[in-house]
Amino acid sequence: MTTISVPVSTLANETISKLKRCKSMKEFHQIHAHMIKTNLVNHTLTISKLIAFCSLSALPNSLSYASSVFRRIENPNYFIFYALTKGSCDYGDPLDSITYYVDMVSCLNELDKIAFSLPSVLKACSKLRAFKQGKQFFGQILKTQFWFDPFVSNSVVRMFLELGEIEFARRVFDKMPERDLISWNSMITGYLRAGEVDLASQLFEEMPERDLVSFNTMIDGYGKCGRCELAEEVFRMMNEKDVVSWTSMISAYVIDHHSSKALDLFREMLSLGVKPDVPAIVSVLAAIADLGFVEEGKWVHDYISSNKINLNSGFIASSLIEMYSKCGYIENAYDVFRRVSHGQKNGDWNSMISGLAIHGLGQEALEVFLEMERMNIKPDEITFLGLFSAFSHGGLVDEGQYYFEIMQEKYNIAPKLQHYGCLIDLLARAGNLVDALKVIQHMPIEADVLAWKAILSASTKLGNVVIGEKAALRAIELNPNDSSSYVMLSNIYAKAGKWDDVAKVRLMMKQRGVRKIPGCSSIVVDGKVHQFLVAKETDMGYGSNIHSKIEELVSRLKLEGYEPDLSQVLLDVEQDGKGSLLNLHSEKMALAFGLINTSNGAPIHIVKNLRICCDCHAFIKLVSSVYNRKIVVRDQKRFHHFQNGSCSCRDYW
DNA sequence: GTAGGGTTAG
């Protein structure tokens, strides 16, 4: 086959513009067939465009199709090589990318044209984690004029950064003939991703000029390193901000557990007329989900619809599903899910499964997973984390063990620490502490704090002092600053009446300066958020009517058989004192406030930062029947839907 | 052809 040179005909132009609009492989095939029929396959420009658009289309099988067309060409030009090099790097096998490049170098000698492919080749090296190969390319580049091309030298720096070779990258950076904004910004990003906050700040100070990207990089990087206060500092000093600056700051707040600040900032952004785009919406939805403010969530959902933002764009659907689930509105989550579930994004499925999990709907989560299998959507490691969490909260032990096997055998996903954590949690929560401990002994990775805390938490519930003590000491050893391990240990001792040991734990906490995280519950009434801190009812300005309401509830419930569960009190105080401390649990205060300030029969939604305690759980169950209210409580881990005297968790949590 | 923001997780 020879390539003939014909003037660009109308036919060629038409074909090229059709190629530009191509959205499926079927269309590519049709165009190609038409090109064969009209002999356009021998028209250099058109055939190059076919290969280029096909290589860079990201459609399934498009790359192999492009390469089969490529193999029938006698003298491919640099443009075809470029497209295949970039396409293989971005959407295919990065190794192919390097092969195409080497192939090109051996048959072409237009150096300036070859340079265009180098950024992709270097990126391919970082994707392949090929440090040695990368260094070889770097060595070759140094000997040529490529080194003076900023696109190439910047890509070299980026490659070493992505390979985790930060110091090497810095040496290259220092050696570069010329550093532009992109070089500085890349180097700073590299430092921040490696957690090198000081080195990043130093470069940020040193750089000769800064642009918006420089500032935004600092905000995002500081935020991700957990340095929210530094991010705030940079954000406030900017004269000009774009939507990325706002989004980075909002995310920094979310990471730092300051979701209400994140929401406030989003409102401020809107009031200044900055239009939120998809990432901005996704980040604020995470904040709203965390706060459990469904009204704001619905507002954002309306915003998405009225601004014609497609549910399929980015992580929009998955964030909405998560938001509705975490706000307790699982039906709304389902509605969003049903509208996108025909799509192939496993993130949407994962969010739905995890959403069902926190509602204790294990069977339903399994059904979603099975549907996913029927639709041939590949589950990933997060799918299984959600699924195991669903089994764990739903008490589906056999299913959990079965799918733990399936995950490895059928899906080839090697269990990670988190998966083992789930399995341990599943067994322990179901009362099988022995098998849970066996998993810890036999797993190939060292168990972490969370694994031991799962054992500890289950032991607390079961009242197993021996295993609980062992787990607590291990958990404390692994993270001495986590107050919850001490608190659970103390609760085990208290339940067993071992008040001396309770005192020892308290002393240990005091000596190490570990403070118990105060319980905090919030409730939204008439669009206003009301927060209650444990034992601080008067400080919040709610006065004594909350307290008298709780007393009224207690005496009413005692008639129904309510007995305060005094083992839930950390302090060893007089019996009467203990009773009143129980009454000051934040969820009881929020509940009392809700009963006073909402109309008869209206549902009550409460969000708590820690896990709900046994006493409050029993208490709220009774309130739901005596006062005929639907009460929804989201604790640190899951939802409890109380109605007619029982809870959706079936007392299993 | 090179630099900045978003999710699902025991």
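All chains are named by letter (A, B, ...) in the order of the sequence lines, taking the proteins before the strands, and each is independently numbered beginning at 1. Side chains are part of it too, since the values below use all heavy atoms of this structure and drop only hydrogens, waters and symmetry mates.
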Rounded to whole Å, the CD1-P distance (A/I321 to B/dA9) equals 12 Å
Tell me: CE of A/M269 to C1' of B/dG5, nearest whole Å? 11 Å
Ring centroids of A/F315 and B/dG6 base under 5.5 Å with planes under 30°: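 No, A/F315 does not stack on the base of B/dG6, since the centre distance and plane angle fail the 5.5 Å and 30° test.
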Less than 3.5 Å between a donor and an acceptor, one on the side chain of A/D242 and one on the base of B/dG5, is that the case here?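 It does not, because no donor-acceptor pair links the side chain of A/D242 to the base of B/dG5 below 3.5 Å.
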Side-chain N or O of A/K637 less than 4.0 angstrom from OP1 or OP2 on B/dA9? no
Within the structure, does a side-chain N or O atom of A/Y82 lie under 4.0 Å from either OP1 or OP2 of B/dG1?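 Yes.
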Among the candidates [options], find the nucleotide nearest to the side-chain atoms of [X].
X	options	value
A/R158	B/dG5, B/dG1, B/dA3	B/dA3
A/S351	B/dG10, B/dT7, B/dT2	B/dT7
A/S248	B/dT2, B/dG6, B/dG5	B/dG5
A/V244	B/dA3, B/dG5, B/dT8	B/dG5
A/N350	B/dT7, B/dG10, B/dT8	B/dT8
A/S318	B/dG5, B/dT2, B/dT8	B/dT8
A/N154	B/dT2, B/dT7, B/dG5	B/dT2
A/E322	B/dG1, B/dG5, B/dT7	B/dT7

Side-chain ion pair, A/R474 and A/E446, N-O less than 4.0 Å: yes
Output, in order, the C-alpha distance, side-chain angles, deciding distance and verdict of salt bridge (Lys or Arg N to Asp or Glu O under 4.0 Å) for A/K378 and A/E373. CA-CA 7 Å; A/K378 263 197 167 169; A/E373 275 191 313; over 6 Å; no
Pairs involving residues 170-190 of chain A, ordered by first then second residue, that meet ring pair (Phe, Tyr, Trp, His ring centres under 6.0 Å) (sequence neighbours left out):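 Output for this query lists A/F173-A/W184.
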